[in-house]
**Student:** 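Please see the structure below; I have some questions.
Only this structure's heavy atoms are used, side chains among them; waters, hydrogens and symmetry mates stay out.
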Amino acid sequence: MTSTPAQPSRARRVLFVHQNFPGQFKRIAAHLARDPAYEVLAIGKEGCPGLPDVRTLSYKLHRTQAKETHHYARPFESGILHGQACLRVLLALKEKGFVPDVIIAHPGWGDTMFVREAFPDARLVHFSEFYYHTDHADVGFDPEFPSTIDDRARVRAKNALQLLNLEACDVAVAPTHWQKRLHPKPYQDKIALIHEGIDTAWLCPNPAASFTLPNGKVLRPGDPVVTYVSRNLEPYRGFHTFMRALPAILADNPGCDIVLAGGDAVSYGARPAGGKNWRETMLAEVAIDASRVHFLDRIPYARYRDLLQVSAAHVYLTYPFVLSWSMLEAMACGCLLIGSDTAPVTEVIRDGENGLLVDFFDTRAIAATVTRALREGERFAPMRARAVASIKAGYAVEEGLAGYRRLIDAAAL
């Protein structure tokens, strides 16, 4: 009796959906695209960056939310519009014969609201980054910007989309324990804890690093350099507090340079009154020596790494909100991290062991801690080494890839 040769199994099909693809899926999407066992495709909003090795389809909204829509409901209407536009792309894919085994998505803008109408049997993995609260998180945290009843009602209504996302997915992913715990308890068992990871082979200390400022001055490891990095300079990331600490830092450390990298748009929260950006607003309030405080806007990633590698003290402040990659990347590069005593920062930094914690609002404490870091650099060398080790142990990209692979491969069971 002749046995029939086994037919080779087809590549597992993985579809990524992210308004700004690749976003948090940059490493896992590129990783899978290099593996012939997977067929990888992505969907993003028109204009998203994309990845060189991943075919990316885009959708375009046919309109934005109506002005007449109640402002509590506008995020939900926007989600419906994003979901509808994405659904058109999903149905076109189905028509061409592409049926994904797994869909990995950031659902925060509503892109996957109707994914089950196209692919009811696909394993749906949602990146559940944040669940909004009216207390004990970002809203109302800063007394300088108190929340109103209107703010609280709007935030509560905003969770309608998040609840639909949690209900629709097979499994969700949160990057930190605190962000996971923000979600309603009935859903927490379906949320896996996976941080996407930091490339610690590329982001690492480099004693030969250098960074050239716009004025031509070259900074090197060991120089009194204070760094602050944020996608945009805004209160959510403590920009206003850091700026108010600068006069004392400059006065107590006459040889230091302070380098801030970040744009002038708004990622979170609101613009300041008067039409200015937060940089202009704070420069009008705080007197600084412009020859020693350097605003760089957003900078290329390789240059950003160089900046972290020459830093003597890196300040990371945040409302209780999503954790920035920049904090972990700074620690991976061997920075002495001075972080705010807020969640989820405290999940990573153990005060006095792998970094230093300060009160988010205490400008004197921030300035004094920076001065200690600059004056006692050698004393803090072991702490910097422990920072590197803690990122390698808990947040290396290899761990993130392995976590996502487990979720993807579970679709075959």
**Student:** Just checking Arg156: does its CZ atom have more than 12 heavy atoms from other residues, nucleotides or ligands closer to it than 6.0 angstrom?
**Tutor:** no
**Student:** Does His71, at its NE2 atom, have more than 12 non-hydrogen atoms belonging to other residues, nucleotides or ligands within less than 6.0 Å?
**Tutor:** yes
**Student:** Quick test of your reading: applying side-chain hydrogen bond (donor to acceptor under 3.5 Å, both in side chains), list the pairs with at least one residue in residues 45-56, sequence neighbours left out, ordered by first then second residue.
**Tutor:** Lys45-His82
**Student:** Using a 3.5 Å distance criterion without hydrogens, assess whether the side chain of Asn232 forms a donor-acceptor pair with backbone atoms of Glu234.
**Tutor:** no
**Student:** Counting only heavy atoms not in Gln84, do more than 12 fall under 6.0 Å of its CD?
**Tutor:** yes
**Student:** Below 4.0 angstrom, N of the basic side chain to O of the carboxylate: do Arg13 and Asp101 qualify?
**Tutor:** no
**Student:** Does the pair Leu233 and Phe242 meet the rule for a side chain to side chain contact (heavy atoms under 4.5 Å, CB included), with working shown?
**Tutor:** CA-CA 10 Å; Leu233 307 176; Phe242 182 63; over 6 Å; no
**Student:** How about Arg154 and Tyr132: does a side-chain donor come under 3.5 Å of a side-chain acceptor?
**Tutor:** no
**Student:** Is the ring pair Phe25/Phe16 parallel, tilted or perpendicular, if the boundaries are 30 and 60 degrees?
**Tutor:** tilted
**Student:** Before you tell me yes or no, could you show the steps for Asp359 and Asp341 under side chain to side chain contact (heavy atoms under 4.5 Å, CB included), namely the whole-Å CA-CA distance, both residues' side-chain angles and the distance that decides it to 0.1 Å?
**Tutor:** CA-CA 5 Å; Asp359 187 298; Asp341 191 6; 5.8 Å; no
**Student:** Could you tell me whether Arg244 and Glu285 have a side-chain N and a carboxylate O separated by less than 4.0 Å?
**Tutor:** yes
**Student:** Out of Asp257, Leu250, Leu374, which residue meets the side-chain contact (heavy atoms from CB on, under 4.5 Å) rule with Val226?
**Tutor:** Leu374
**Student:** Does a donor on one side chain and an acceptor on the other come within less than 3.5 Å for Thr176 and Gln179?
**Tutor:** yes
**Student:** Applying side-chain hydrogen bond (donor to acceptor under 3.5 Å, both in side chains) to Gln19 and Trp109, what does each step give before you reach the verdict?
**Tutor:** CA-CA 7 Å; Gln19 183 194 53; Trp109 299 277; 3.2 Å; yes
**Student:** Is Ile104 close to Ile408 at the side-chain level, that is, under 4.5 Å between some pair of heavy atoms?
**Tutor:** yes
**Student:** Which heavy atom of Ala332 sits nearest a heavy atom of Pro205, and at what distance?
**Tutor:** O-CD, 3.4 Å
**Student:** Relative to each other, are the rings of His183 and Tyr131 parallel, tilted or perpendicular (30° and 60° limits)?
**Tutor:** tilted
**Student:** Which of these passes salt bridge (charged side-chain N to carboxylate O under 4.0 Å, His left out) with Asp170: Lys190, Arg116, Arg123?
**Tutor:** Arg116
**Student:** Evaluate the criterion side chain to side chain contact (heavy atoms under 4.5 Å, CB included) for residue pair Leu336 and His314; output intermediate values, then yes/no.
**Tutor:** CA-CA 6 Å; Leu336 178 58; His314 183 81; over 6 Å; no
**Student:** Classify the side-chain pair Asp111/Tyr59 by whether it contains a donor and acceptor separated by less than 3.5 Å.
**Tutor:** yes
**Student:** Taking only residues two or more places apart in sequence, or in another chain, which ones meet Asp289 in a side chain to side chain donor-acceptor pair (under 3.5 Å)?
**Tutor:** Ser291
**Student:** Show me the donor-acceptor pairs, under 3.5 Å and distance only, between side chains in residues 161-169 and residues at least two apart or in other chains.
**Tutor:**
from, atom 1, to, atom 2, distance (Å)
Asn165, ND2, Pro107, O, 3.2
Asn165, ND2, Leu161, O, 3.2
Glu167, OE1, Tyr187, OH, 2.8

**Student:** Could you tell me which non-hydrogen atom of Phe119 sits nearest to which non-hydrogen atom of Leu93, and how far apart they are?
**Tutor:** CZ-CB, 4.5 Å
**Student:** Around atom CD of Glu95, are there more than 12 heavy atoms from other residues, nucleotides or ligands closer than 6.0 Å?
**Tutor:** no
**Student:** Do the charged groups of Glu353 and Arg386 touch, with an N to O distance under 4.0 Å?
**Tutor:** no
**Student:** For Phe211, is the NZ or CZ atom of Arg303 found under 6.0 angstrom from the centre of its six-membered ring and inside 45 degrees of the ring axis?
**Tutor:** yes
**Student:** Between His106 and His18, how do the two ring planes meet: parallel, tilted or perpendicular, split at 30° and 60°?
**Tutor:** perpendicular
**Student:** Using 30° and 60° as the class boundaries, would you call the ring planes of Phe145 and Trp278 parallel, tilted or perpendicular?
**Tutor:** perpendicular
**Student:** Restricting to non-hydrogen atoms, name the atom on Arg237 and the atom on Ser230 that form the minimum distance, rounded to 0.1 Å.
**Tutor:** CG-OG, 3.3 Å
**Student:** For residues Val173 and Ile191, report the shortest heavy-atom separation together with the two atoms involved.
**Tutor:** C-CG2, 4.1 Å
**Student:** With no hydrogens and no angle check, just 3.5 Å: does a side-chain donor-acceptor pair link Asn354 and Arg384?
**Tutor:** no
**Student:** When the ring centroid of Tyr319 is compared with that of Phe360, is the distance short of 6.0 Å?
**Tutor:** yes
**Student:** Do you know the tightest heavy-atom contact between Ser311 and Cys335?
**Tutor:** CB-SG, 3.9 Å
**Student:** Check the angle between the aromatic planes of Phe321 and Tyr236 and answer parallel, tilted or perpendicular using the 30° and 60° thresholds.
**Tutor:** perpendicular
**Student:** Do Arg350 side-chain atoms and Gly355 backbone N/O form a donor-acceptor pair below 3.5 Å?
**Tutor:** no
**Student:** Taking ring-ring contact (aromatic ring centres under 6.0 Å, His included) as the definition, give me every residue that meets it alongside Tyr301, ordered by chain and number, with sequence neighbours left out.
**Tutor:** Trp202, Tyr304
**Student:** For Cys204, check side chain to side chain contact (heavy atoms under 4.5 Å, CB included) against everything at least two apart and list the hits.
**Tutor:** none
**Student:** List the steps, then state whether side-chain hydrogen bond (donor to acceptor under 3.5 Å, both in side chains) holds for Tyr268 with Asp138.
**Tutor:** CA-CA 10 Å; Tyr268 315 109; Asp138 56 325; over 6 Å; no
**Student:** Using 4.0 Å as the upper bound for N to carboxylate O, is an ion pair formed by Glu77 and Arg63?
**Tutor:** yes
**Student:** Could you walk me through whether Lys217 and Thr212 pass side chain to side chain contact (heavy atoms under 4.5 Å, CB included), step by step?
**Tutor:** CA-CA 6 Å; Lys217 184 174 182 178; Thr212 304; over 6 Å; no
**Student:** Quick one: salt bridge (charged side-chain N to carboxylate O under 4.0 Å, His left out) partners of Glu129, sequence neighbours excluded?
**Tutor:** none
**Student:** Going by heavy atoms in the side chains, are Asp135 and His133 under 4.5 Å from each other?
**Tutor:** no
**Student:** So, for Ala245 and Ile366, which heavy atoms are closest and what is the spacing to 0.1 Å?
**Tutor:** CB-CG2, 4.0 Å
**Student:** With a 4.0 Å cut-off on N to O distance, would you call Asp35 and Arg12 a salt bridge?
**Tutor:** no
